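As structure tokens, the structure follows; a few thoughts come after it.
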2 protein chains.
Amino acid sequence: MTKATATIRDVARAAGVSVASASRAMNGHSNVTTKTRERVEAAAAALDYVPHLGARSLTMAKTNTIGVVLPDLFGEFFSEIIRGIDRVAHAGGLQLLLANMHGERAETAHAIRAMRGRVDGLLIMSPDVDADFLNANLPRGLPAVVLNGHITGVGHGSLSIDNGAGARAMVAHLVARGHRRIAHIAGPSGNSDADQRLAGFRAAMAELVGDTAPRVFAGDFTEAAGEAAGRAIAADGGIDAVFAANDVMAVGCMAALADAGVAVPGDVAVAGFDDVPIARYVTPGLTTMRVHIADLGARAFERLAALIAEPGVATPPDETLAPELVVRGSA
Amino acid sequence: MTKATATIRDVARAAGVSVASASRAMNGHSNVTTKTRERVEAAAAALDYVPHLGARSLTMAKTNTIGVVLPDLFGEFFSEIIRGIDRVAHAGGLQLLLANMHGERAETAHAIRAMRGRVDGLLIMSPDVDADFLNANLPRGLPAVVLNGHITGVGHGSLSIDNGAGARAMVAHLVARGHRRIAHIAGPSGNSDADQRLAGFRAAMAELVGDTAPRVFAGDFTEAAGEAAGRAIAADGGIDAVFAANDVMAVGCMAALADAGVAVPGDVAVAGFDDVPIARYVTPGLTTMRVHIADLGARAFERLAALIAEPGVATPPDETLAPELVVRGSA
DNA sequence: CTGTTAGCGCGTTCAA
DNA sequence: TTGAACGCGCTAACAG
């Protein structure tokens with residue numbers, strides 16, 4: 001029979017002091033005799049004592065954990081944003097409780113509620129989340145920061161990528177290179193990044209090229225979608241540049257173009273969005289809009305930490321991160 | 001002043017029943033009058049009650065959460081393994097508490113101890129972890145499954161990729177294609193996957209080619225490392241095939257080769273390991289050993305769940321997942 | 001079927 | 001400086 005982990009009471013008993021003294025000694029309070037502290041520490045070491053953080057959280061009404069609710073992201077975007085959040089959280093000694101969503105609205109609501117009592121705040125990225133949804137499902141008083149969404153109210157904040165400006169900058173770049181017959185490969189409808197990039201593309205095409213009905217291929221942010229669009233573009237022949245809503249689709253598109261014997265950027269220029277690490281290693285290097293994904297996560301965490309530290313503060317204005325044009329060989 | 005979230009006592013009071021009845025009603029116990037249940041549910045809805053899971057965990061001595069300790073992984077390997085774990089955990093209604101390590105041994109120990117009282121079991125992937133380390137730092141009685149490590153003892157299990165067989169299969173493939181002057185780009189020393197792939201490569205080269213001192217480039221699993229090796233290989237001129245310890249380095253290497261005007265696979269064949277999603281979209285498609293990363297995570301979770309459900313069971317033998325050769329255009 | 005009591009493991013008043 | 005008592009929010013055992 002394996003002996004269960006010792007509790008603070010076992011430590012106190014072994015040290016011959018009260019649990020209160022044991023607690024004080026182990027938490028480094030000053031009002032403890034050196035002798036008492038030593039006895040407690042010796043007892044703790046002997047018993048291999050490990051504090052029960054769940055219990056501690058209950059008494060202190062603080063969990064030192066933040067909940068992260070993300071959609072079912074694929075590939076490097078997911079790992080990069082987690083890395084960014086973790087980098088800052090780790091420095092502050094906070095843990096991350098993760099919830100991956102698979103798109104169901106009710107499921108997201110459930111996940112948010114299920115975090116009550118386990119986290120000090122929430123970082124949420126989900127197309128389902130708007131102000132009403134949050135008010136209906138967020139446990140009262142729990143701070144939350146929404147990524148790529150707009151939210152107001154005390155204890156809430158939001159942060160997003162300036163997708164419109166990014167799309168416009170990319171179209172301007174393609175136009176400057178002499179392209180006019182520019183198509184777009186869209187991301188999944190309903191995803192706010194995807195929708196904003198598409199809208200930005202259309203607006204820029206209308207303004208800079210005078211094309212009010214540019215060609216748009218449906219996509220879902222996966223390589224396969226990019227590949228399908230690439231095949232269609234190769235067959236079409238009338239398009240001289242493609243702007244994909246993310247890098248992953250741009251890469252899939254380039255692969256299909258290469259298969260079809262279409263030269264990039266000679267016959268068709270290809271551009272993406274995000275600047276995932278792989279973008280610079282494909283051949284030719286992918287021209288894209290750089291989003292500092294990890295920084296987005298880190299910055300969101302910082303906003304949340306501020307909300308937790310200073311509850312009841314009024315919502316600061318939305319923060320927007322501007323993406324940056326990175327020109328490589330593909331466009 | 002924002003009103004804090006209601007507790008079960010508030011619900012009980014509003015419904016005019018005891019907390020015990022409220023608890024029973026909300027948890028769907030059978031011994032409750034329909035009328036009582038309705039009153040409780042109405043009160044809960046009116047007060048917007050959300051249960052405090054931290055408190056519930058304390059009483060039930062069950063957290064419905066598992067801790068995931070991972071090294072500082074980059075790119076798709078990280079997201080894939082989390083996806084695999086989450087897929088199964090989510091189905092079982094479990095949450096994931098994440099800890100990213102940055103390589104310090106003491107830090108890993110701290111992270112493991114910090115999970116006490118917050119999780120029902122641990123999934124650990126770290127080069128620092130061996131049997132002694134785990135015995136010294138794992139809270140007594142906490143089940144744990146180690147990925148890519150070997151562990152024994154009651155309540156522990158391990159799971160790993162058969163890197164040796166994978167490396168051998170790849171060398172055999174390259175040899176069958178007529179290559180003899182084969183180099184390896186190694187992963188970070190100390191990483192068990194990297195070390196095993198390197199050892200497997202050396203053993204296979206000795207056996208199949210009779211080369212007991214094949215060329216090995218140091219690397220760290222990043223694109224940059226692959227790129228550096230690729231430049232060296234282009235300059236060298238005496239190598240006709242490269243086997244990189246992971247796909248990311250293989251892609252970096254291909255980019256450098258292309259820059260230097262070296263044809264792939266004409267002048268130098270390139271192969272990787274992992275089969276990350278991007279592998280099939282680079283040009284030419286990357287020949288690699290497919291590791292079902294998400295399945296590895298999912299399977300590890302299942303092992304852990306079994307350990308949690310049936311504590312005190314003897315350690316089953318290590319499980320090993322065999323990678324599979326995927327031939328594309330690069331080798 | 002329901003209410004009362006006890007306790008999960010811990011930090012923290014409040015006296016002594 | 002120390003210890004006893006209380007409470008965090010919840011569920012389980014035990015009477016009624």
Side-chain angles (χ1 to χ4, degrees), chain A residues 4-40 43-44 47-65 113-120 139-142, chain B residues 4-40 43-44 47-65 113-120 139-142:
Chain A
T5 305
T7 74
I8 197 172
R9 271 208 286 259
D10 299 321
V11 174
R13 190 179 313 122
V17 300
S18 71
V19 289
S21 290
S23 172
R24 286 186 282 245
M26 299 177 123
N27 291 319
H29 289 207
S30 56
N31 47 348
V32 191
T33 317
T34 306
K35 189 183 161 200
T36 302
R37 183 186 307 283
E38 283 168 356
R39 297 187 54 177
V40 170
L47 293 175
D48 193 20
Y49 172 72
V50 181
H52 189 294
L53 268 61
R56 184 203 289 251
S57 294
L58 191 56
T59 32
M60 313 244 297
K62 190 131 193 351
T63 63
N64 291 313
T65 302
R113 300 169 66 97
M115 296 238 172
R116 156 96 211 274
R118 307 183 73 77
V119 302
D120 296 331
R140 304 272 170 237
L142 192 61
Chain B
T5 305
T7 73
I8 196 173
R9 271 208 285 259
D10 300 321
V11 174
R13 190 179 314 123
V17 300
S18 70
V19 289
S21 290
S23 172
R24 286 186 282 246
M26 297 173 133
N27 290 318
H29 288 207
S30 56
N31 46 349
V32 191
T33 319
T34 305
K35 189 183 161 202
T36 302
R37 183 185 309 283
E38 283 168 354
R39 297 187 52 176
V40 170
L47 293 175
D48 193 20
Y49 172 73
V50 180
H52 189 294
L53 269 61
R56 185 204 289 254
S57 293
L58 190 56
T59 12
M60 314 242 303
K62 191 130 192 355
T63 63
N64 291 314
T65 301
R113 300 170 66 97
M115 296 238 171
R116 157 94 210 276
R118 307 185 74 77
V119 303
D120 296 331
R140 305 271 170 236
L142 192 61

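Since this is a predicted model, take the numbers as computed values, not measurements. Letters A, B, ... are given to chains in the order of the sequence lines, protein chains preceding strands, and every chain is numbered from 1.
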5'-most contact on DNA chain D (nearest-nucleotide basis), A:Ala55 vs A:Thr33, goes to A:Thr33
At under 4.0 Å, does any side-chain N or O of A:Ser23 touch on OP1 or OP2 of C:dC10? no
Between P on D:dT1 and NZ on A:Lys35, what's the gap in Å once rounded to a whole number? 15 Å
Separation of C:dG3 C1' from B:Ile8 CD1 (nearest whole Å): 14 Å
Compare side-chain N and O positions of A:Ser18 against OP1 and OP2 of D:dG3 and report whether any pair is under 4.0 Å apart. yes
Does B:Arg37 use its side chain to pair, donor to acceptor, with the backbone of B:His29 at less than 3.5 Å? yes
Let me know the distance between CG of A:Leu58 and P of C:dC8, rounded to the nearest Å. 13 Å
Quiz item: B:Arg116 side-chain donor-acceptor pair to C:dG9 base, under 3.5 Å: no
Do A:Arg118 and B:Thr65 have a side chain donor and acceptor closer than 3.5 Å? yes
Atom CG of B:Asn31 and atom P of D:dA12: how far apart are they, to the nearest Å? 11 Å
B:Pro51 and B:Met26, any side-chain heavy atoms less than 4.5 Å apart: no
Length of the CG-P vector between B:Asn27 and D:dG9, whole Å: 17 Å
Hey, does the side chain of A:Tyr49 come within less than 4.0 Å of C:dG9's phosphate (OP1/OP2), counting only N and O? no
Rounded to whole angstrom units, what separation is found between the NZ atom of A:Lys62 and the P atom of C:dT12? 13 Å
Would you please confirm or rule out a distance under 4.0 Å between OP1 or OP2 of D:dT1 and any side-chain N or O of A:Ser21? no
Using a cut-off of strictly less than 4.0 Å, decide whether A:Arg37 has a side-chain nitrogen or oxygen near OP1 or OP2 of D:dT1. no
Closest to the A:Ala20 side chain, choosing from C:dT12, C:dG9, D:dG9: C:dT12
Just to be sure I understand the rule, does A:Val19 reach a base, reach only the sugar-phosphate, or reach nothing, if contact means heavy atoms closer than 4.0 Å? nothing
Rounded to whole Å, please give me the gap between CD in A:Glu38 and C1' in D:dT1. 16 Å
Give the rounded distance in Å between these two atoms: NE2 of A:His52 and P of D:dG9. 17 Å
Would you sort out whether B:Asp48 and A:Arg140 count as a side chain to side chain contact (heavy atoms under 4.5 Å, CB included), showing the intermediate values? CA-CA 9 Å; B:Asp48 193 20; A:Arg140 304 272 170 237; 3.2 Å; yes
Would you say the side chain of A:Ser23 lies within less than 4.5 Å of the side chain of A:Ile8, judging by non-hydrogen atoms? yes
From the options C:dT2, C:dG11, D:dG9, select the nucleotide whose nearest atom is closest to the side chain of B:Thr36. C:dT2
So which one's nearest nucleotide on DNA chain C is more toward 5', B:Gly16 or A:Arg24? B:Gly16
Counting side-chain heavy atoms from CB outward, which of C:dG11, D:dC10, D:dT2 is closest to B:Arg56? D:dC10
